[in-house]
Amino acid sequence: MRIATWNVNSVKQRQEHLLRFLKEEAPDVVCLQELKCQDDAFPRLELDGTGYNIAVRGQKSFNGVAILSKRPMEDIQLRLPGDDSDEQARFIEALVPGDKGVVRIACIYLPNGNPAPSEKYSYKLAWMDRLHAHTRARLREEEPFVIAGDFNVIPEPKDAARPEQWVNDALFLPPTREKFRSLLHLGLCDALRATTDADGIYTFWDYQAGAWQKNNGIRIDHMLLSPQAADRLRSVTVVRHTRGWDKPSDHVPLMAELDV
DNA sequence: ATGGCGATATACTATCGA
């Protein structure tokens with residue numbers, strides 16, 4: 001099963017890129033973030049010919065997440081547990097069948113949190129605490145479980161071309177990285193880091209100041225795997241060339257192949 | 001120190017992202 005995650009920065013603006021990506025890479029599952037549209041504005045008709053099933057949690061203007069799956073999904077959850085008053089569309093989860101078994105996939109758009117300190121940063125840290133609690137509960141089920149998405153976390157200095165630019169940023173501050181490590185320490189595996197220790201692997205390049213041309217990137221899109229999913233990991237790919245397309249998203253897809 | 005770019009709604013400007 002090929003699982004991809006991609007922050008598209010407006011699914012309507014990136015519709016043609018999405019169709020090209022689906023055609024070129026033929027992923028079985030795609031987790032999308034930053035749809036920037038409501039449910040009824042998701043380009044379902046435009047995706048009709050591709051044969052993907054669609055689960056959406058949209059929102060006006062900002063945020064918004066979706067899962068596309070070749071096989072029909074079950075047990076779709078639209079909210080991250082832990083705060084019924086949270087209206088931001090940042091979480092969607094589904095059970096996806098594979099050839100040999102099922103995988104539960106959570107698609108997340110973790111809050112950016114800038115500036116720090118601020119209410120936004122507090123919201124980010126609280127959201128990470130909720131993700132920790134939810135993950136702990138899911139791991140007790142001892143199933144293949146994948147958290148895929150835009151984590152807005154730079155885990156280590158080697159995950160940034162210029163780490164000194166990020167020292168006061170919500171993506172790289174010590175409390176952010178501590179909570180990310182705490183999540184991993186529940187027993188999850190960072191899929192990319194299971195395949196390589198190399199630096200210079202990025203998933204985001206800012207639109208500004210020629211970041212792409214200078215390769216001034218950061219690695220903030222991740223896939224975290226439960227032990228039962230990690231056992232089935234075959235390969236991980238950053239689909240870097242999409243950043244060079246005309247009018248690209250500032251993020252590129254991350255893709256993992258699981259033997260499921 | 002700032003803005004630089006791109007998207008959306010509040011729309012000839014403000015907010016958000018990272």
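Residue numbers begin at 1 in each chain, while the letters A, B, ... track the order of the sequences. Only a predicted model underlies this, so the values are computations on that prediction, with no experimental measurement involved.
- Using a 4.0 Å cut-off, no side-chain N or O of Arg14(A) falls inside it from OP1 or OP2 of dG6(B).
- Distance check on atom C1': dA1(B) versus dC12(B) gives 28 Å, rounded to whole Å.
- Atom NZ in Lys12(A) sits roughly 7 Å away from atom P in dT8(B) (whole-Å rounding).
- One atom, NZ of Lys247(A), and another, P of dT8(B), lie 12 Å apart when rounded to the nearest Å.
- With both ends at atom P, the span from dA18(B) to dA14(B) equals 22 Å, rounded to whole Å.
- Distance Gln33(A) CD to dA7(B) P: 17 Å, rounded to the nearest Å.
- Within the model, atoms CZ of Phe151(A) and CE of Met128(A) stand 8.5 Å from one another, a figure rounded to the nearest 0.5 Å.
- For the pair Asp246(A) CG and dC5(B) P, the interatomic distance rounds to 16 Å; values are reported in whole Å.
- Note on Arg177(A) versus Asp159(A): no salt bridge recorded, every NZ/NE/NH1/NH2 to OD/OE distance being 4.0 Å or above.
- For the salt bridge (charged side-chain N to carboxylate O under 4.0 Å, His left out) condition, the pairs that include at least one residue of residues 123-133 of chain A, sequence neighbours left out, are Asp86(A)-Arg130(A), Asp129(A)-Lys179(A).
- Across dT13(B) and dT2(B), the matching P atoms stand 22 Å from one another, rounded to whole Å.
- Separating the P atom of dT8(B) from that of dG3(B) is a span of 23 Å, rounded to the nearest Å.
- Between the P atoms of dC16(B) and dT10(B), the separation comes to 13 Å (whole Å).
- Atom CD in Gln59(A) sits about 11 Å away from atom P in dA9(B), given to the nearest Å.
- Using a 4.0 Å heavy-atom distance criterion, Lys60(A) is classed as a sugar-phosphate-only contact.
- Here Arg193(A) does not pair with Glu156(A) in a salt bridge; the nearest charged N to carboxylate O distance is not below 4.0 Å.
- Note on residues 49-78 of chain A: no pairs pass ring-ring contact (aromatic ring centres under 6.0 Å, His included), not counting sequence neighbours.
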>> One character per nucleotide, please: for nucleotides 13-18 of chain B, 5' to 3', B when the base has a protein heavy atom closer than 4.0 Å, S when only the sugar-phosphate does, - otherwise.
In response: ---SSB
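- Side chains of Lys120(A) and Asn114(A): no donor on one and acceptor on the other come within 3.5 Å.
- Regarding Asn168(A), its CG atom lies at a distance of 13 Å from the P atom of dT2(B), rounded to whole Å.
- dA11(B) and dG6(B) are spaced 23 Å apart, taking the P atom of each and rounding to whole Å.
- Using a 30° and 60° split on the angle between ring planes, His222(A) and Phe180(A) fall in the tilted class, from 30° to 60°.
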